[in-house]
Asks: 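Starting off with a structure, shown below.
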Protein chains: 2
Amino acid sequence: MTNVTTAAADHGSPGPARRARGEQTRQLILETALRLFRERGYAETTMRAIAKEAGVAVGNAYYYFDSKEHLIQGFYDRNQHEHRAASAEILAASTDFAARLRGVLHAGIDVNEPYHSFAATFFKSAAEPSSPLSPFSRESSPARDASIAIFRDVIEGSSAKLDPELRKELPELLWLGWMGVILFWVHDKSPGQRRTRRLIDGTVPLIDRLVGLSRLRVLRPALRQILALIESVRRDD
Amino acid sequence: MTNVTTAAADHGSPGPARRARGEQTRQLILETALRLFRERGYAETTMRAIAKEAGVAVGNAYYYFDSKEHLIQGFYDRNQHEHRAASAEILAASTDFAARLRGVLHAGIDVNEPYHSFAATFFKSAAEPSSPLSPFSRESSPARDASIAIFRDVIEGSSAKLDPELRKELPELLWLGWMGVILFWVHDKSPGQRRTRRLIDGTVPLIDRLVGLSRLRVLRPALRQILALIESVRRDD
DNA sequence: ACCATAACTTGAACGCGTTCAAGTTATGTG
DNA sequence: CACATAACTTGAACGCGTTCAAGTTATGGT
């Protein structure tokens, strides 16, 4: 809200005439924070501990990050990139829609797996609608768009033939499903989160069949109805 | 965790040889808290303010409630009862499955409507898997079971004919869908949350049709596959 | 009636996230 | 080179949720 804070928020995208020192300190604080989160958990890591470990004053951390929660955004960005990279390999290997979708979903779980124990701890931050960490918030729209783009790739590069109207909506729908999988995963306490794996393996064939059916003329009215529903619910914010 | 705290937790179900004074204080604190939440919002209401307004020491509130979040459970219970009462009227009016389901969902939104602005504030508490406020937690299983029972009534009292296997699973599935509607509602900033209303009105006919289709012999294998998926995902915790 | 014990109540104190007025350091300009 | 200004850094202080040792009050057994 203050001038200082607004200026600090700009650090996200490195401008042209930016001092190097600031970015360095920012990275130092972020990496120290993520390391301590991994080692001790989110709630158990205090801002004082982060500052002390990074060798700066506690107020300095608040110059670069609006709050403790905002440090998590760095974690999101990192995992997002890892998911994209892991997905690229899978998408290069096959053109079968089901195989592509299944691979991308499993890759997403793989990437997040090491953080399962403390992902739950800060997941609540993401659930609050007003929080900038919410996957539906404006502040996470870059990350959201990047994530939706992965699912667009799943469809575009696949040999699956589907209704053109559905094709436009499907990436966002798959992303929504992915959020559901994440929600399930966070609550999944089974060893290795194998219930989440089973959920993916069981759901993908159903989606695959449904998507294939979308071109049948008999089902056209039903499909239009569903698409109209989505459109009507999306209207006005 | 301490003896005192454990004893306090027992107050939820009034024992036989319980002192009246304690229950009175408990109610006083809870009602004061809910009133202040409504007036000022959850985050803006401090435990000190609740204690002061109720005329007790702050430590006394912690004798009856493990934490500030636990005060919300009282809010849940109250709304749960209101939903049940509002649903009873609707369920007495019609035996049509779609009308019953639609009515119960709208009634649920009606009951929660006055609290929309601050429901979002404490919704994050419910999203954390480890939180006792999570709808999936063991501590909320009584409230969850009561909520599922409403959807069982929707089905049992309806004239809809459906596959017996599906009939067993459907109440819990509808409850899960209801949680999804609530999640949508919490994020819904449209005036009067009319997008949520549209979501309900658009989804209910689809569910109705799907449920009706469940008895068709051609779709039997697909249905069995879905039920098997649910079963496999439910296994082991 | 008496007292041991459980039920209840108190408020100071702790550690936390966060703020901010005051400092220090680097940079671009004359 | 000097100096005004923006960038950065500091740590004490604030209000919060929560804890707990110490009190007070009511109850059941004798």
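Throughout, a chain's letter reflects where its sequence line sits, starting with A, and its residues are numbered from 1.
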Asks: When the nearest nucleotide of DNA chain D is assigned to A:Asn60 and to B:Asn60 on a heavy-atom basis, which residue is associated with the more 5' position?
Replies: A:Asn60

Asks: Is any side-chain nitrogen or oxygen of B:Tyr64 closer than 4.0 Å to OP1 or OP2 of C:dT9?
Replies: yes

Asks: Reading DNA chain C from 5' onward, which residue's closest nucleotide shows up sooner: A:Met47 or A:Gly59?
Replies: A:Met47

Asks: Have a look at B:Tyr42 and tell me which of B:Phe37, B:Tyr115, B:Phe75 forms a ring-ring contact (aromatic ring centres under 6.0 Å, His included) with it.
Replies: B:Phe37

Asks: Figure out the CD/P separation between A:Gln24 and D:dT9, and round it to whole Å.
Replies: 10 Å

Asks: Taking the side chain as everything from C-beta on, heavy atoms only, tell me whether B:Leu71 gets closer than 4.5 Å to B:Leu34.
Replies: no

Asks: Testing the basics here: between B:Gly192 and B:Glu113, what is the closest heavy-atom pair and its distance to 0.1 Å?
Replies: O-OE2, 3.5 Å

Asks: Starting at atom CZ of B:Phe65, determine the distance to atom C1' of D:dG17, rounded to an integer number of angstrom.
Replies: 16 Å

Asks: Rounded to the nearest angstrom, tell me the gap between atom CZ in A:Arg48 and atom C1' in C:dT19.
Replies: 12 Å

Asks: Is there a Watson-Crick or G-U wobble partner for C:dA22 with both distances under 3.5 Å, and which nucleotide is it?
Replies: D:dT9

Asks: Between B:Pro135 and B:Arg144, which heavy-atom pair has the shortest distance, and what is it?
Replies: O-NH1, 2.7 Å

Asks: Between B:Val58 and A:Glu69, which residue's closest nucleotide on DNA chain C lies nearer the 5′ terminus?
Replies: B:Val58

Asks: Respond yes when some side-chain nitrogen or oxygen of B:Thr25 is under 4.0 Å from OP1 or OP2 of C:dC8, and no when none is.
Replies: no

Asks: Nearest-Å distance, NE2 (A:His70) to P (C:dG17)?
Replies: 16 Å

Asks: Return the value, rounded to whole Å, for the distance between atom CD of A:Glu44 and atom P of C:dG15.
Replies: 16 Å

Asks: So, is A:Tyr63 near the phosphate of D:dT9, with a side-chain N or O under 4.0 Å from OP1 or OP2?
Replies: no

Asks: For A:Leu91, is there any backbone N or O sitting under 3.5 Å from a side-chain donor or acceptor partner on A:Arg100?
Replies: yes

Asks: Please report, rounded to the nearest Å, how far the P atom of C:dG17 is from the NZ atom of A:Lys68.
Replies: 4 Å

Asks: Rounded off to whole Å, could you give me the CG-to-P distance for the B:Leu36 and D:dC16 pair?
Replies: 13 Å

Asks: If only side-chain N and O atoms of A:Thr46 are considered, is one of them under 4.0 Å from the OP1 or OP2 phosphate oxygen of C:dG15?
Replies: no

Asks: Distance check needed: D:dT9 P versus A:Arg26 CZ, whole Å only.
Replies: 13 Å

